[in-house]
Amino acid sequence: MSLRKTLAVLATLIATGTAIPTPSQTETSSSFPHLNELAQAKGKLWFGSSIDTTSDSVKDDTYISIFNQSAIFGQTTPGNTMKWDYTEPQNGVFDFTLGDETIALAKQTGKKVRCHHLVWTKETLLGAMKTHITKEITHYGSNCYSRDVVNEAINYDGSYTDNITYAFQYAREAVQALNADIKLFYNDYQISQPGTKVTSVLNNIITNVQSAGDYIDGIGMESHHSDTFYPTVKELNTVMSEYAKLGLGIHITELDVACESTPCSTSGQTGQAQAFYNVIHACMETAKCTGMTFWDFNDKYNWIQPSTNDGAGDATVLWENCTAKPALTAVEEVLRGESCSVC
Ligand code: XIL
């Protein structure tokens with residue numbers, strides 16, 4: 001921008017009483033790659049990020065100015081505000097206020113919402129589960145483009161609980177009663193590499209739900225990885241093709257890559273960039289994988305904080321001060337179909 005233009009912009013900001021952004025705010029939010037536009041240009045439905053309106057992120061101007069740009073994020077997932085604890089804090093007492101806030105924030109900038117989620121693992125009371133599912137689906141209706149119906153229902157040894165099929169049945173019935181098109185998903189972690197958990201998801205959860213009726217549309221791969229332990233593109237392709245064979249849509253739902261020790265070292269940052277690159281690469285190559293979501297995009301607000309995770313953290317594409325990591329370059333490159341210059 002020429003000096004004259006800059007001065008003219010400043011004069012307008014002063015005249016209108018608008019807060020003048022600091023250079024770092026302006027730079028970060030204007031140079032942040034347009035991930036959603038890039039993903040859509042290659043046929044995906046969205047690139048998004050979670051947001052947790054119970055955290056200070058929503059008061060952070062630089063952060064919000066990035067989140068709000070639909071060229072960057074075309075989708076969001078409430079990090080917490082639609083979980084059972086929030087929506088039904090006491091048995092039979094519903095409160096959708098905070099979830100409504102997330103919907104409003106998403107609508108302002110035309111974002112799709114993946115509503116997250118209806119049922120955690122081991123809910124045992126079918127009646128309570130049915131009421132919860134029906135009320136919540138009815139309340140948010142088509143504001144939710146898709147929904148995680150059941151979250152993390154499989155244990156590491158592959159064991160699981162039986163009520164999953166009922167949860168999906170109740171969810172489908174509630175969606176049909178609204179005459180809406182809301183995609184219903186099973187969401188879980190560590191299902192990005194072949195192994196016991198993937199086998200159980202395929203042979204138990206998906207097969208059972210599918211044989212009971214047309215109740216499930218897709219699978220959410222959470223994708224919480226680390227700088228030293230993450231799936232290869234080949235492993236991702238293998239599991240994604242298994243999910244696709246069953247007719248499931250695939251979403252990358254909670255992508256973050258924690259560094260095992262913090263501050264993240266140079267080699268840690270390289271591993272982190274590679275992990276982000278691999279996950280997005282596999283999704284881009286898989287027709288059934290329609291979108292990708294960061295589990296937040298600034299280390300300050302991500303759930304993996306060193307103080308509570310044995311020193312692990314720094315799991316997103318931006319440092320706390322909002323400057324970019326190599327991982328953000330890797331994400332941009334993979335969306336452009338380029339090789340990774342920082343991995
Ligand atoms: C996390 C939130 O990000 C935290 O703020 C909260 O304290 C705990 O839950 N898998 C999921 C998400 O499906 O709902 C979790 O979110 C992260 C792991």
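We count ligands from 1, going down the list as the structure has it; atoms in each ligand are counted the same way.
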Are a donor atom and an acceptor atom from the side chains of His225 and Asn278 found within less than 3.5 Å of each other? no

Taking atom types as modelled and ignoring hydrogens, do the side chains of Glu260 and Ser226 form a donor-acceptor contact shorter than 3.5 angstrom? yes

Just jot down the ligand 1 atoms closer than 4.0 angstrom to any heavy atom of Glu254, in number order. 10 (N), 11 (C), 12 (C), 13 (O), 17 (C), 18 (C)

Cation-aromatic face contact Arg114/Tyr145, 6.0 Å, 45 degrees: no

Judged by heavy atoms only, the candidate from Asn151, Asn80, Thr253 nearest atom 7 (O) of ligand 1 is Asn80

Please list, in number order, the atoms of ligand 1 under 4.0 Å from a heavy atom of Glu152. 10 (N), 11 (C), 13 (O), 18 (C)

Mind checking what makes side-chain hydrogen bond (donor to acceptor under 3.5 Å, both in side chains) contact with Gln210, not counting sequence neighbours? none

Using salt bridge (charged side-chain N to carboxylate O under 4.0 Å, His left out) as the criterion, list what pairs up with Glu332, not counting sequence neighbours. Arg336

Can you tell me the protein heavy atom closest to atom 16 (O) of ligand 1 and the distance? Lys83 NZ, 3.2 Å

Counting from 1, what ligand 1 atoms have a heavy atom of His116 closer than 4.0 Å? 11 (C), 12 (C), 13 (O), 14 (O)

Starting from atom 3 (O) of ligand 1, what is the nearest protein heavy atom, named by residue and atom, and what distance separates them? Trp295 NE1, 3.0 Å

